[in-house]
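These values consider heavy atoms only, across backbone and side chains, with no hydrogens, waters or symmetry-generated copies.
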Amino acid sequence: MSNPYKYDFKSVDDIKSKATELNVNIGFSDNYEVFSRKIEVEPGFTLKNSLAVHPMEGFDGKADGSPDELTIRRYKRFAESGAGLLWIEAVAVQPDARTSARQLMITDKNLDEYKKLVETIKNIAGSDTKIIIQLTHSGRFSKPPVITRHNNTLNERMNLDPSYQCVSDDYLKKVEETFENAAYLSYQAGVDGIDVKACHAYLFDELLCAYDREGEYGGSYENRSRIFKNTIKRIKNRLGNSKNSPIVASRFGLSYVIPYPDGFATTSDGEVELEESIRLIGEINRLGVNLINVTMGTPYYNPHINRPYDYNVGRTNPPSHPLINLSSFINHIGTVQKIYPNMTFIGTGYSYLRQFAIGAAAYSLENNLAKVIGFGRGAFAYKGFAHDMLNGFMDSKKCCLACSKCTELMRAGATTGCPVRDSEVYMPIYKQYCVKN
């Protein structure tokens, strides 16, 4: 089988030429000074530069949810990256919210381990590097699944029976409380910000499209957004508004890009429709959220939407060229950044461009398509990526290859990292879990 989307770009001009052929727009700039911009997210919370490490799960925690040896190793590498913002991966708020037995989870019993992790990061990266912790309930992707509604598209993908029990309103009210408690523990651990996660069809995000759910958390827009907004209010009230209080942020999914009624902020034809997303962003902004790490789609169904990747024969492949997906993603983020110019939105998806990501990232910052650029896969692969970008270059021999091997590890239930660029640790794991004998 031929490869219709082969990545064979040797220069920025090659990418521009292909983008023109595809009738999409991806801009490039050599004004790399934009990466050194300090970003005031809100009073008392300023990023020392405009580069970030995204929350990327490693599935390498201990059974009690505390960081294990590989977890600490990853965050030491991230701390050495030079990024002004380090966003800690999904940390479950309760036992049934975990996607695996090795997902991180913060509790009063392992709080000291999180204090040590934050101290380790700060000691390496500097006290002026900001740390956000992502709190999550994995919902239908928990093990076993915890669902709030039946979604035909995702049920089919997961082989989930239509008779599977949905959780009650009482359960969801309790989740609000566990998020609040986890946020307070995170504050005690010393983080600079709390991420109330609402993306990728996890629990809060799934409720945003609970059009057919009855009760307080489904049906109307007000009900579907209730748990998200209530949780933000509870955390803000619990943590207070002093200069030492962590900010509240969100990793927020603009759209499922799955046709209505199975997807949020999507039409019945599968087109992105941002009306409710834009409304919700404004509402949480009024509740005190000024920082949003933007994403779209769900990695469990359409990973090409937010993580454009290479075509691989024999694997699940994107239905369109990755440049189309990347252009769409960049410009949707730019739409909300321009509607809410006083908020800070973090752009993503750039790792696909390898060493040319630096020019596309600079263009986005220069043209207000985002205020910060984050790297997830790229941070797994490229040790010291932000230091290099701040110095005006990216090394092709260190860049992520968008090969999806990190995702293969995750899907195989293994600890996750980059088998290519961090091969000493992760290639043996990849061979054990992903290579058929």
Asker: Of the non-hydrogen atoms in T148 and R213, which two are nearest, and what is the gap between them?
Answerer: O-NH1, 2.8 Å
Asker: Ignoring hydrogens and geometry beyond distance, is a side-chain donor-acceptor pair present between N223 and E216 at under 3.5 Å?
Answerer: no
Asker: Taking the six-membered ring for Trp, are the ring centroids of Y363 and F28 within less than 6.0 Å of each other?
Answerer: no
Asker: Are the side chains of P145 and L160 in touch, meaning some heavy atoms are under 4.5 Å apart?
Answerer: yes
Asker: Quick one: closest heavy-atom pair of A381 and R77, and the distance?
Answerer: O-NH2, 3.9 Å
Asker: Strictly by modelled atom types, are Y75 and E89 linked by a side-chain donor-acceptor pair under 3.5 Å?
Answerer: yes
Asker: So, do S142 and D96 sit near enough that their side-chain heavy atoms are less than 4.5 Å apart?
Answerer: no
Asker: Taking it one step at a time, do F179 and F204 satisfy ring-ring contact (aromatic ring centres under 6.0 Å, His included)?
Answerer: CA-CA 11 Å; F179 261 88; F204 280 22; 4.6 Å; yes
Asker: Pairing donors with acceptors under 3.5 angstrom, does anything connect the side chains of E276 and Y221?
Answerer: no
Asker: Any carboxylate oxygen within less than 4.0 angstrom of a Lys/Arg side-chain nitrogen, looking at E408 and R411?
Answerer: no
Asker: Determine whether the aromatic ring centres of residues F356 and F9 are separated by less than 6.0 angstrom.
Answerer: no
Asker: With distance as the sole test, does Y430 use its side chain to make a donor-acceptor pair with the main-chain N or O of G417 at under 3.5 Å?
Answerer: no
Asker: Find out whether the Lys NZ or Arg CZ of R224 is both under 6.0 angstrom from the six-membered ring centre of Y211 and within 45° of the ring's axis.
Answerer: no
Asker: Is it true that K109 and D64 have a side-chain N and a carboxylate O under 4.0 angstrom from each other?
Answerer: no
Asker: Just by modelled atom types, is the M410 backbone N or O under 3.5 Å from a matching donor or acceptor in the Y433 side chain?
Answerer: no
Asker: A cation-pi test, strictly: NZ or CZ of R377 under 6.0 Å from the centre of the six-membered ring of F375 and no more than 45 degrees from its axis. Yes or no?
Answerer: no
Asker: Taking all atoms of both residues into account, what is the closest heavy-atom pair of I194 and S186, and its distance?
Answerer: CD1-CB, 3.5 Å
Asker: Any ion pair linking R102 and D68 (charged N to carboxylate O, less than 4.0 Å)?
Answerer: yes
Asker: Check step by step if ring-ring contact (aromatic ring centres under 6.0 Å, His included) holds for Y352 and Y309.
Answerer: CA-CA 6 Å; Y352 171 74; Y309 59 92; 8.9 Å; no
Asker: Check this for me: does any side-chain nitrogen of one of R279 and E283 sit under 4.0 Å from a carboxylate oxygen of the other?
Answerer: yes
Asker: Any luck finding a side-chain donor-acceptor pair between N325 and R307 under 3.5 Å?
Answerer: no
Asker: After noting the C-alpha distance and the side-chain angles of F380 and Y426, does the key distance pass the ring-ring contact (aromatic ring centres under 6.0 Å, His included) rule?
Answerer: CA-CA 11 Å; F380 269 169; Y426 291 101; 7.4 Å; no
Asker: Side chain to side chain donor-acceptor pair (under 3.5 Å) for D195 and W87? Distances and angles first, verdict last.
Answerer: CA-CA 9 Å; D195 167 13; W87 206 291; 2.9 Å; yes
Asker: Only one of R73, K405, K383 forms a salt bridge (Lys or Arg N to Asp or Glu O under 4.0 Å) with D422, so which one is it?
Answerer: R73
Asker: Would you mind reporting whether E273 and T266 have side-chain heavy atoms less than 4.5 Å apart?
Answerer: no
Asker: Taking NZ, NE, NH1 and NH2 as the nitrogens, is one of them in E21 or K18 under 4.0 Å from a carboxylate oxygen of the other?
Answerer: yes
Asker: Is it the case that the side chain of H150 and the backbone of P162 share a donor-acceptor pair, with hydrogens and angles ignored and the cut-off at 3.5 Å?
Answerer: yes
Asker: Just so I know, are the side chains of I284 and K229 near enough to count as touching, which here means a heavy-atom distance under 4.5 Å?
Answerer: yes
Asker: For the pair D310 (side chain) and C403 (backbone), establish whether a donor and an acceptor sit closer than 3.5 Å, ignoring hydrogens and angles.
Answerer: no
Asker: Would you say S351's side chain and G349's backbone share a donor-acceptor pair under 3.5 angstrom?
Answerer: no
Asker: Do side-chain atoms of R251 reach the backbone of K197 as a donor and acceptor pair under 3.5 angstrom?
Answerer: no
Asker: For M343, does its backbone N or O pair with a side-chain atom of N290 as donor and acceptor, under 3.5 Å?
Answerer: no
Asker: Which pair of heavy atoms, one from L274 and one from L254, lies closest together, and at what distance?
Answerer: CD2-O, 3.8 Å
Asker: Does the Y114 side chain pair with the main chain of P67, one donor and one acceptor, at a distance under 3.5 Å?
Answerer: no
Asker: For the pair F385 and Y382, name the ring-plane relationship: parallel under 30°, tilted 30 to 60°, perpendicular over 60°.
Answerer: perpendicular
